[in-house]
Visitor: 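Attaching a single structure in structure tokens format; questions to follow.
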Amino acid sequence: MIITDLLGSRVFGPDFLGFVSDVRFFLESETEGQSARLYGILISPHARSSSLGFERSGVRSPWPIAALVRWRHRGSFLVRWSDIERLEVGRIQLRPGFERASPELP
Amino acid sequence: MTPGTDDRPGRWLDAQLHLLDRQVLDVDDVPVAVVDDLELSEVPFDQEISIDTPPPVITALLSGAAIATRIFGGRPPESRMQRTPWAAVVDIGVVIKLAVGRDTLDLAWTERWVRDRIIGRIPGGRHIPGRKRSEHSGSDERGGS
Amino acid sequence: MKKSFGVALGILTAIGGFVDIGDLVTNAVVGSRFGLSLGWAVVVGVIGICVFAQMAGRVAAVSGRATFELIRERLGPRVAVLNLSASFMINLMTLTAEIGGVALALQLVSSVDYLLWVPFAALAVWLVIWRVKFSIMENVAGLVGLLLIGFAVGLFLLSPDWGELGRQAVQGVSTDTEKVSTYWFFAVALFGAAMTPYEVFFFSSGAVEEGWTEKDLAQSRANVLVGFPLGGLLSLAIAGCAAVVLLPQLISVTALSQVMLPVAMAGGKLLLAVIILGIVAATAGAALETTLSAGYTIAQFLGWPWGKFRPPAQAARFHLLMIICLIVGVGTLLTGVDPIQVTEISVIFSAVALPLTYLPILIVANDPEYMGEHVNGQALNGIALIYLVIILAAAIAAIPLLIITGAGQ
């Protein structure tokens with residue numbers, strides 16, 4: 001699997017929820033050779049792609065552009081790997097009772 | 001909403017935000033590629049994923065033909081992907097740094113081909129512009145000062 | 001060398017943007033038809049390029065990343081490749097025109113046919129790229145290009161009615177005979193020339209070539225604040241000379257020799273010789289700037305090693321690409337096209353490239369991951385946002401104006 005197989009996929013759970021705008025990984029430490037494990041997928045109800053790197057960072061300026069990008073990604077959420085039931089080409093099915101988590105990065 | 005990260009020590013990476021389209025530098029800080037795509041370990045596809053299936057990990061940075069599919073869509077043929085193993089990555093910041101030299105990577109073969117067949121054969125092609133051979137250290141320093 | 005003339009990068013960058021062969025003629029055309037009434041477009045352009053080049057230089061100094069790396073990283077490959085295509089066409093067309101410009105200037109002094117000079121001009125450009133150190137290249141081309149100050153000297157020697165020139169500059173649109181659309185076509189052309197994207201590609205990559213770091217931020221600022229206003233001044237001086245001599249006599253500018261006519265009248269052979277030398281250096285400088293920009297943009301988009309601080313063999317694809325561009329440029333010129341017309345068409349591509357270049361620069365200049373404490377202040381962001389609106393308006397207006405006016409005919 002490659003990452004572009006996931007990005008932009010439509011996510012259902014059972015109804016249409018949005019598009020995969022990004023994929024979150026966890027790296028246990030930054031020393032050489034550590035594996036980066038998939039943690040979850042970020043779902044954006046309106047926007048098909050991540051844009052300009054604003055929506056999850058603390059950067060708020062220049063404000064009109066930052067605000068516009070945040071608005072495009074309003075209602076975004078993260079779903080963990082364990083809540084993914086089925087992967088298909090361009091389509092992801094979530095398990096019943098999946099949990100929505102915040103898309104913000106620490 | 002619950003937080004989308006947890007308190008474990010480590011580093012959170014969002015593929016688009018931190019990895020895709022970033023410059024990759026080799027151990028000498030020479031650019032070798034841009035991250036065009038990421039290869040993940042295999043997971044069940046087109047079938048139900050049982051709840052205890054471990055999540056996939058990143059196995060390689062992809063470049064080369066992958067850029068065409070990023071632009072025009074579709075999927076790159078397996079044979080045309082140039083892979084840099086994830087294990088070679090040592091630092092992820094504004095750029096992604098590798099622990100290995102460019103000559104050990106298959107992704108720099110076009111650079112080597114052009115160097116050996118064309119540019120290296122033109123007189124002066126192996127000198128830093130404006131420097132004599134004796135001053136030439138061969139490493140990657142700037143010619144500015 | 002670097003410290004002895006620390007603003008050479010800014011000057012060479014600005015010369016390539018403001019007084020390359022296309023702009024030399026455009027400025028004289030504008031002066032001969034509108035006087036100084038379009039001077040404001042140059043001033044607006046100078047401020048705009050200062051704002052964004054300053055950001056691009058600061059990002060390069062602090063993070064070591066040149067502009068096209070940012071474009072790819074922030075806009076993603078699809079939008080970036082759109083910008084890359086447009087920017088590459090501008091670079092290729094401009095470098096073609098500049099080689100023609102060098103040849104035209106050499107023809108004026110040698111009376112050897114221009115087409116015979118074309119291959120030699122291209123070869124000289126390539127040899128400089130291949131063998132000459134970046135800092136020597138920028139110092140020589142930048143300093144000799146400054147001989148175009150001769151236009152300002154010429155303007156003083158003509159002892160014009162300064163009041164009248166001032167009135168033209170303040171009044172703005174005052175043309176009875178010229179159509180409004182033509183006036184605005186040239187306004188957009190002058191603004192676009194001032195802000196042409198290869199300036200930031202070259203300036204930011206040059207900052208990396210020179211190995212600038214956070215310690216060099218003051219030098220980066222000095223380069224911007226000296227270079228671009230100087231470029232704007234040269235541009236206004238050329239228009240001013242044409243406004244004083246050619247406008248009253250209704251002489252329309254169609255060739256490089258007419259651009260120099262007012263200077264010859266004012267300062268005789270000596271000043272004319274100075275100007276011609278200046279034109280050779282400025283067009284050669286612009287040829288170097290656009291050829292290197294063509295290499296920089298593609299290498300940065302695809303992650304190839306680039307730069308004159310490396311031996312060519314260690315930036316092999318970068319050098320091969322520039323060789324191909326020069327060969328294509330020579331081939332195009334040998335078909336007999338008018339190099340000045342080539343630059344006029346590149347306005348179309350600016351409409352795409354301008355917004356897609358300046359937006360990512362602004363965004364990264366605000367990103368602490370790249371910039372740490374050196375992120376933009378609020379005032380700079382405010383000005384930059386106003387400029388993004390102006391750039392967008394100019395980009396949208398450019399192509400309709402080009403078609404309506406037949407490129408200002």
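None of the values given here were measured: they were computed from a predicted structure.
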Visitor: To the nearest 0.5 Å, how far apart are CG in Leu38(B) and CG in Asp5(A)?
Guide: 11.5 Å
Visitor: Can you tell me how far the CD1 atom of Ile49(B) sits from the CD atom of Gln93(A), to the nearest 0.5 Å?
Guide: 11.0 Å
Visitor: So which of Leu6(A), Leu38(A), Leu7(A), Leu78(A) has the biggest tally of heavy-atom pairs under 4.5 Å with chain B?
Guide: Leu38(A)
Visitor: Between Leu40(B), Asp6(B), Leu20(B), Leu62(B), which has the largest tally of heavy atom pairs under 4.5 Å with chain A?
Guide: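 So the answer, after comparing Leu40(B), Asp6(B), Leu20(B), Leu62(B), is Leu40(B).
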Visitor: Is the distance between the ring centroids of Trp12(B) and Tyr39(A) under 6.0 Å?
Guide: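 Yes: the rings meet the under 6.0 Å criterion.
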Visitor: Within the structure provided, determine whether Asp14(B) and Val23(A) are in side-chain contact (heavy-atom separation under 4.5 Å).
Guide: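 Heavy-atom side-chain distance check fails, nothing below 4.5 Å.
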Visitor: So how far is it from Leu13(B) CG to Arg24(A) CZ, rounded to the nearest 0.5 Å?
Guide: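 Rounded to the nearest 0.5 Å, the CG-CZ separation comes out at 10.0 Å.
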Visitor: Side chain, backbone, both or neither: which part of Glu42(B) has a heavy atom under 4.5 Å from chain A?
Guide: side chain
Visitor: Who wins among Gln47(B), His18(B), Arg8(B), Arg70(B) for the most heavy-atom pairs under 4.5 Å with chain A?
Guide: Arg8(B)
Visitor: Under 4.5 Å from any heavy atom of chain A, what part of Pro85(B) do you find: side chain, backbone, both or neither?
Guide: neither
Visitor: Supply the atom-to-atom distance Thr59(B) OG1 to Met1(A) CE, rounded to the nearest 0.5 angstrom.
Guide: 9.5 Å
Visitor: For a quick check under 3.5 Å, do Ser21(A) and Gln16(B) share a side-chain donor-acceptor pair by atom type?
Guide: no
Visitor: At their closest point, which heavy atom of Glu48(B) faces which heavy atom of Arg86(A), and how far apart are they?
Guide: N-NH1, 3.9 Å
Visitor: Could you check whether any side-chain heavy atom of Asp46(B) comes within less than 4.5 Å of a side-chain heavy atom of Arg91(A), counting everything from C-beta outward?
Guide: no
Visitor: Does any non-hydrogen side-chain atom of Thr2(B) lie less than 4.5 Å from one of Phe77(A)?
Guide: no
Visitor: If you define the side chain from C-beta out and look only at heavy atoms, does anything of Leu87(A) sit under 4.5 Å from Val43(B)?
Guide: yes
Visitor: For Pro56(B), is it the side chain, the backbone, both, or neither that has a heavy atom closer than 4.5 Å to a heavy atom of chain A?
Guide: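 Both parts, heavy atoms under 4.5 Å.
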Visitor: How close do Gly4(B) and Ala101(A) get, counting heavy atoms only, and between which atoms?
Guide: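 Taking every non-hydrogen atom into account, CA-CB, 3.8 Å.
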Visitor: For the atom pair CG (Leu19(B)) and CD1 (Ile3(A)), what is the distance rounded to the nearest 0.5 Å?
Guide: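 Answer rounded to 0.5 Å: 8.5 Å.
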Visitor: Check whether Thr69(B) gets within reach of chain A through its side chain, its backbone, both or neither, counting any heavy atom under 4.5 Å.
Guide: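 For Thr69(B), neither part sits under 4.5 Å from chain A.
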Visitor: Quick check: closest heavy atoms across Pro54(B) and Trp81(A), and the distance to 0.1 Å?
Guide: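 Closest approach of Pro54(B) to Trp81(A), heavy atoms only: C-NE1, 3.7 Å.
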Visitor: Does NZ or CZ of Arg11(B) come closer than 6.0 Å to the centre of the six-membered ring of Phe26(A), within 45° of the ring's axis?
Guide: no
Visitor: Rounded to the nearest 0.5 Å, what separation is found between the OG atom of Ser82(A) and the CD1 atom of Ile51(B)?
Guide: 6.0 Å
Visitor: Which bit of Val89(A) is near chain B, if near means a heavy-atom gap under 4.5 Å: side chain, backbone, both or neither?
Guide: both
Visitor: Are the side chains of Asp22(A) and Leu17(B) in touch, meaning some heavy atoms are under 4.5 Å apart?
Guide: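 The answer is yes, as the side chains (C-beta and beyond) meet within the 4.5 Å cut-off.
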